[in-house]
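Beneath this line is the structure, given in structure tokens, with notes to follow.
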Amino acid sequence: MTRIPVEADWDSAPGVLEGARELELTPGQCDLPYWLEHVAGSMLRRLSDGTVTAAPPTEAVLRPGPLREALVDEFAFRTLAEDKATRALSFLVFHAPDRECLEFYTTQLVDEARHARAFRDHLLVAGMSDREADAAVARTAATSGAAVLDPLEEFGLAVLRDRQDFYGGVLVLTVLVEGILAPAAELSERKWKVLDPSAALVERGANMDEIRHLAVGSAIVRQYLMDRPEARSGLLDLVREGRRLWDELPMQDVLYRRESLFQEGLAEHGHLLGDHEIWPGRRLVDTGIEERMAAAERWSRETQDARLKYMLLDEAS
Ligand code: FE
Ligand code: FE
């Protein structure tokens with residue numbers, strides 16, 4: 001068997017912050033044979049055959065209380081976001097300008113559908129019935145989903161479905177969706193690591209995929225702008241328009257509520273965390289709501305800026 005590429009290797013894949021900013025991958029490298037061999041045949045195989053596993057949720061998460069509510073809130077939201085991403089990707093497959101992009105976005109579409117399933121499955125692992133999991137997702141859809149995800153989806157669909165703009169769609173997905181959500185997912189992986197190792201593993205697996213999506217998406221836009229510099233101002237406008245939209249969306253409120261629940265959970269169960277660090281030199285148990293939100297915000301800004309620069313769109317940052 002050929003060597004496993006680093007980004008698909010559970011033991012050596014970079015974290016989101018590093019990988020999402022620096023890794024270089026092209027759609028030609030990440031084609032269908034690549035995905036079948038290294039993602040389905042290696043990364044996912046190691047999950048299903050039990051070579052890569054994690055301990056189940058601790059009692060702190062299984063028992064009713066704010067910590068459990070924080071987990072359910074987050075995983076229901078992610079289920080919904082991944083579901084919407086899957087559907088939007090069907091337009092990128094449809095409008096793919098060449099075989100490489102067609103194959104890559106077909107794999108990304110399957111990745112996002114897998115993520116939607118993995119986040120929902122975790123609600124079952126955390127002890128919910130199918131009916132309860134669906135109810136939690138429906139509740140989220142009516143509240144934070146309607147407030148944040150629906151407008152974001154409309155914005156993406158205006159580009160993809162209405163304007164049929166493939167490269168604009170890649171840009172929106174890469175910078176305004178994955179570039180913002182991936183750093184938040186990295187924070188989540190670190191938050192749940194001890195209290196719910198199986199939740200952290202779900203995040204880790206999804207994050208490994210997101211790094212690939214970010215790297216390839218930005219390589220596609222970069223190549224396009226090298227070939228067609230005249231398209232640059234239109235894409236810059238799109239980034240500015242998307243960032244204006246983000247500024248209006250109540251994402252900070254959604255995160256504040258979630259981190260507040262997590263904070264209450266820390267007060268109750270923080271002793272379980274020992275010296276577990278959220279980042280080097282900072283114990284999770286000592287962190288506060290605003291501090292974690294500020295870190296996610298900074299990581300997301302830095303990730304977007306690094307990717308925009310790579311895409312030759314750094315004036316937008
Ligand atoms: Fe995803
Ligand atoms: Fe993704």
Side-chain angles (χ1 to χ4, degrees), residues 7-8 13-21 23-27 29-32 34-35 38-40 43-44 47 74-93 96 101-123 137 140 145 148-149 152-153 155-157 159-160 166 169-189 192 199-221 242 251 296 299-300 303-304 306-307 311:
E7 69 279 2
V16 167
L17 300 184
E18 212 185 312
R21 289 171 200 169
L23 194 73
E24 288 203 52
L25 288 172
T26 62
Q29 279 169 278
C30 296
D31 57 8
L32 212 41
Y34 165 100
W35 190 90
H38 299 300
V39 180
M43 196 181 139
L44 299 177
L47 270 185
E74 178 167 1
F75 277 60
F77 186 85
R78 288 297 298 278
T79 301
L80 210 57
E82 304 285 353
D83 180 296
K84 285 185 186 299
T86 310
R87 292 167 197 278
L89 273 156
S90 66
F91 289 101
L92 282 181
V93 174
C101 287
L102 176 103
E103 291 195 4
F104 174 73
Y105 281 109
T106 301
T107 69
Q108 184 172 339
L109 186 148
V110 177
D111 289 335
E112 308 302 3
R114 280 174 35 232
H115 296 168
R117 167 180 280 262
F119 284 107
R120 183 183 178 279
D121 276 354
H122 191 70
L123 295 174
V137 174
T140 303
V148 173
L149 295 175
L152 196 59
E153 179 179 42
F155 180 73
L157 289 180
V159 176
L160 278 166
F166 174 81
V170 172
L171 182 65
V172 167
L173 196 70
T174 305
V175 176
L176 296 167
V177 180
E178 309 212 279
I180 290 177
L181 297 181
E186 171 76 19
L187 184 75
S188 172
E189 186 184 329
W192 294 113
L201 183 64
V202 170
E203 293 280 10
R204 177 71 183 138
N207 287 341
M208 283 166 69
D209 294 325
E210 302 307 354
I211 291 170
R212 223 170 45 244
H213 301 163
L214 269 162
V216 175
S218 46
I220 290 172
V221 174
M251 189 61 199
W299 293 352
S300 131
T303 303
Q304 290 178 64
R307 279 305 171 186
M311 289 188 240

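Sequence positions, counted from 1, serve as the residue numbers for this chain. Order of listing sets the numbers, starting from 1, for every ligand and every atom in it.
Legend: protein N/O/S atoms lying under 2.8 Å from the Fe ion (ligand 2), waters omitted, number 4.
A perpendicular orientation is assigned to the rings of F104 and H213, their planes being inclined by more than 60° (bins at 30° and 60°).
Taking NE2 of H115 as the start and CG of D209 as the end, the distance is 3.5 Å to the nearest 0.5 Å. Once rounded to the nearest 0.5 Å, the distance linking CG of L181 with CE of M251 reads 6.5 Å. For the atom pair CD1 of I180 and CG of L152, the computed distance is 7.5 Å after rounding to the nearest 0.5 Å.
In this structure, a donor-acceptor pair under 3.5 Å is absent between the side chains of T107 and E103.
Across C101 and A96, no two heavy atoms sit closer than the pair C-CB, 3.9 Å.
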